[in-house]
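Heads up: the structure comes next, in C-alpha cells.
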Amino acid sequence: MAAFAHHALSTGWSFRDSEDQSPNAWLSVPVVPSVVHQDLQANNKLENPFIGFNELGARWVNEKSWTYRNVFQKPTVPAGSSIVLAFDGLDTFAKVKLNGETILESNNMFLAYRVDVTKALEAEGEHTLEIDFDCALLRARELRKQDPAHKWESFNGDPSRMAVRKAQYHWGWDWGPVLMTAGIWREVRLEVYSARVSDLWTQVELATDHQQAQISAFAEIDTSESDASYKATFTLSLHGQEIARGVATPENNVAKVSFALQEPSLWWPNGYGDQTLYEISVSLEKGDAQIQQLSKKFGIRTAEVIQQPDKHGKSFYFRINGVDIFCGGACWIPADSLLTNVTPERYRKWIQLMAAGHQVMIRVWGGGIYEDESFYQACDEIGIMVWQDFMFGCGNYPTWPDLLESVEKEATYNMRRLRHHPSIVIWVGNNEDYQVQESAGLTYNYEDKDPQSWLKTDFPARYIYEHLLPIVAKKICPELFYHPGSPWGDGKVSSDPTVGDMHQWNVWHGTQEKYQIFDTLGGRFNSEFGMEAFPHIATIDYFVENEADKFPQSHVLDFHNKADGHERRIATYLVENLRTATDLETHIYLTQVVQAETMMFGYRGWRRQWGDERHCGGALLWQLNDCWPTISWAIVDYFLRPKPAFYAVCRVLRPVAIGVRREHHDWSVSHAQPPKTSKYELWVVSSQQTELVGKVELKFLSIKTGQEIRETIVHENVTIVPNGTTNVLDGVIDHTVDEPHVLAARVWVDGELTARDVDWPQPFKYLDLSDRGLEVTKISESENEQKIQLSAKKPVKCLVFEERDGVRVSDSAIDIVPGDDQIVTIKGLKPEDAPLKYKFLGQ
C-alpha cells in the first residue's frame, strides 16, 4: 500500500499574453505561486508599479488575458492510486487544459479546486498543463451589462467588481492602486494516493469551571475503496509531548475519537495569559502501512459576544474564557497589492508589532482575501484575536443562482480551512454593505423574515448575509458568533450608537468633527475610525524618484494618496491644530502628530467607557497596514515602519493606563475666545483581573517656564478596580488666574511607575513651544542596544524618533515634562551607527 505523495508544481512555468501566439511570446516564470505583474517585472516588461506614476503605466496589464504553461513528467503512480491536480488558488477566471483538453473552468479566487487526472495522465513521459486567465476587469463589465435591472450601488472601485469573486481592492480603493492581478496565486501540486485525509478538525467543550475539556477529533477520509479497510490513529500532544491516543475506523468516510482532558491549559489573548496550542495528529493506516499523517494546532478556549440590554442600549463586547476583554486593535487590509509578495515572516512581523503595541484584535476586512494560513498561525501563537469578515465590501451584490452557489462553496471551503484557529472569535457577513443600502435608499425591512422575498427586492444581498452565510457558519463553526455585517445592529440604522458595531467616520470624512471630541462620537463597539498621516521620509524616498517632487503637495505625493478630498481634509486638521510648514519633513511630522493625537483621543475616551457598564466594547482603528508605499490611514506603513500613532495607541492600551483631560472648548466656534474656566478629570483604567493599589500624581506645569503653577496633587493607596475604570479626581482650571499649562499625570503600582498622560491646552498652534531645554543623553550602550534618557526644562510635545529599518525603539511620540525624565531603549543600533534623528513640536 503506497503512501500519499505530494509533488509541488512550483517551477518550470512560462507565460504569455494570451493574444500573442508567436513562438517567442513565452516568458519564464521564476516561481509559482505568482501573479502576472511580478512575472512581467522579472522579465523587464513592466516597471515597479509602486514607484512614481508607474501604476498608470501598468494599466494595460489590467485589460489583458494571460496564459501560463508547465510541461511536467508524469509522477510514479503505484497500482491502485489516483492522481489529483490540486489548485489552492487561481486568480480568477481560469480555464485549465491538460494535454489540450479542458479539465476545469474556475471563476472564484477564494476557492480551491481539485481535479482527478488519473486517466488524462495514463501515458508515461511529458504532459502539458496550460491555464488561460481571462481578464477579470472585462469579464466583470460583461456580467454587469447582462443584469441592467440590478442596482449596482457601491463605494470605491468599478461597481462591476461585485459580479466577480475576486479580491475587491484589486479594482482600486481609497488607499490602494488599481492592479488587476491574474495568476496561480496559491500552491498548485499533483497528489498521488489511494486514500488521504481530506480534513482534520476538533470540537472542544470546555467546562464552565475550566477544569475539564472534552475534545472530539474528526478526520474525513477521501478514498474510492471501502473506508472500513482503513484505521485512523489520533494523537493529542502538548509542547511536543503526546498526552493521549485513540484509534477509530472511519464510518461514512469520517473517523472520530474523543479525549477527556483534566485541567486543560487554555488559549488566551495577548496580555491575558498563555497562548497554549495543543496539536492533534492523525495517521491514516491500512494494515501495517502508514498512508498519510496530518497535524493541526488548536486552542482550548470559549469565545462569546455579549449582547445584553443595559442603560446605554444593548452591549456588544467579547468574553474569552469567561473574561470580558476590551478589544483595542486595528483593521487589516491585504499587506500587498501583489499578494504573493507577502511571506510568512512578513505576516509574523505585523502581528508581533500589534502585540508589542498592546493590541488584542485584528479585523480582516471584507474587501481583501481570506488570509494565508501563516497569518492566522501568527495570530494563534502571539494571541491576537481575529474578527473575520466574509469577502463582501461596500456594495449591493447581485444574487444570481450561480453566484450564490459559488459563495456557498467559498464560505464552506474557507470556514473548514480556518476553523481550527483559536484566534478567530467572530465571523462577519460584510463590510459596509448595509451602509450602501442606506445611502442608496435600497429596500430593507428588518421585520420581513422571509429570505425568498429578500431576493426580489433591490437589496438582494441581504439574502447572503442573513440567510446563506449564517447557515454555513452554524454548520461548520457552530460555537462562534456570526454577525451579519460591519457595521450592523439588529436591523437599526448602521450609525446607531446604542447597538451592534459602528464605523465612525465623522472625524476625517463626514462632518469633519474635531478629533478632540472623538470619544463622544462612539458606539457600543467602534470597528472603524481613522485619521490620515504621511509615512516616514524613507518610505517617501522609495516611491518619489525626483528630488524636485519632494514637497508636501507634489503631484506624485497626491497620486499616492487615493483618499477622496485628502488635500482638504489633511489641510483642515493641520490648520485647525498646528502651525503649518512648507518643507516636506516637517509637513510629514505634523500630519503624524495629528494622527497620533486623534488616535489617542479616541482610544483613551473609549477605553475609559469600558468601565461604565461596558459602554464601549472595543475600538479597531482604520487601519494597521498598507498594501503599497502610500499616504493613508495606516499607523504602520508598507515597509513595517510604525508611525507615531502606533506608539500613542500603545500607551493608551497598556494593562494599566492613566488618563487626564480638560473639557473641550471649541475655539473655532467661539472665534478663538478662550474659556474663563475648564473642568478637568483624571482616571485610571486597568485590564488586570485583580484589584490593584496605586499612587496617583497630578502636576500643573507652565508651558512658558516649566515651573509648577499649582501644588502637586498626590493620592496614595488608590484602589484600582480590576478590568475597569477608576475615576480618581476632578477639578477646575481658572484661566483668568492660571497661565497656559499642561496637566501631567502619573500612576505607580507596587512602587513602579506604570503609566503617564499629559493634557495640553488646545489648539497647539496658539502655544509658543520654542526653547524647551530638551536633553537627549545616551546612558548605556551594548553591541545591540542603547538606552537614551530624555529630560526637559519645559514641557515637550510629541518627540518622534526616526524609524530606521532593523532598529526598534521602545517608545516614540513622547511628551516630556520637567522632573519626569524618561528612558527609551533602542534595539538594533550598533555603537558605530549614527544616532537616531528626532523631531518635536516647535523644534
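No hydrogens, no waters, no symmetry mates; every other heavy atom, side chains included, goes into these values. The model shown is predicted, which means the values in this text are computed figures rather than measured ones.
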Could you list the residues that satisfy ring-ring contact (aromatic ring centres under 6.0 Å, His included) with F316, not counting sequence neighbours?
H483, F525

Please check this pair: side chain of Y482 against backbone of C477, looking for a donor-acceptor N/O pair closer than 3.5 Å.
no

Do you see a donor-acceptor pair shorter than 3.5 Å between the side chains of R363 and N431?
yes

Answer yes or no for R462 and F392: cation-pi contact, defined as NZ/CZ to six-membered ring centre under 6.0 Å and angle to ring axis within 45°.
no

With sequence neighbours left out, what residues match F155 under ring-ring contact (aromatic ring centres under 6.0 Å, His included)?
none

Does I333 offer a backbone N or O that forms a donor-acceptor pair with the side chain of N625 under 3.5 Å?
yes

Are side-chain heavy atoms of F298 and I280 found at a separation under 4.5 Å?
yes

Looking at residues at least two apart in the chain, or sitting in another chain, which of them share a ring-ring contact (aromatic ring centres under 6.0 Å, His included) with H615?
H312

Honestly, is R161 close enough over W171, meaning NZ or CZ under 6.0 Å from the six-membered ring centre and within 45° of the axis?
no

Which pairs count as salt bridge (Lys or Arg N to Asp or Glu O under 4.0 Å) when at least one residue sits in residues 172-188, sequence neighbours excluded?
E187-R189

Using a distance-only test with no angle check, is there a side-chain donor-acceptor pair under 3.5 angstrom linking Y347 and Q377?
no

Is it true that, when you exclude D564 itself, more than 12 heavy atoms of the residues, nucleotides or ligands shown sit nearer than 6.0 Å to its CG?
no

E205 atom CD, over 12 foreign heavy atoms within 6.0 Å
no

Ring geometry between W505 and W633 (parallel below 30°, tilted from 30 to 60°, perpendicular above 60°)
perpendicular

Just list the side-chain donor-acceptor pairs under 3.5 Å for residues 348-358, sequence neighbours left out, or say none.
residue, atom, partner, partner atom, Å
R348, NH1, E381, OE1, 2.8
R348, NH2, E381, OE1, 3.2

Excluding sequence neighbours, so at least two apart, what forms ring-ring contact (aromatic ring centres under 6.0 Å, His included) with Y515?
F601

W606-F518 aromatic ring centre distance below 6.0 Å:
yes

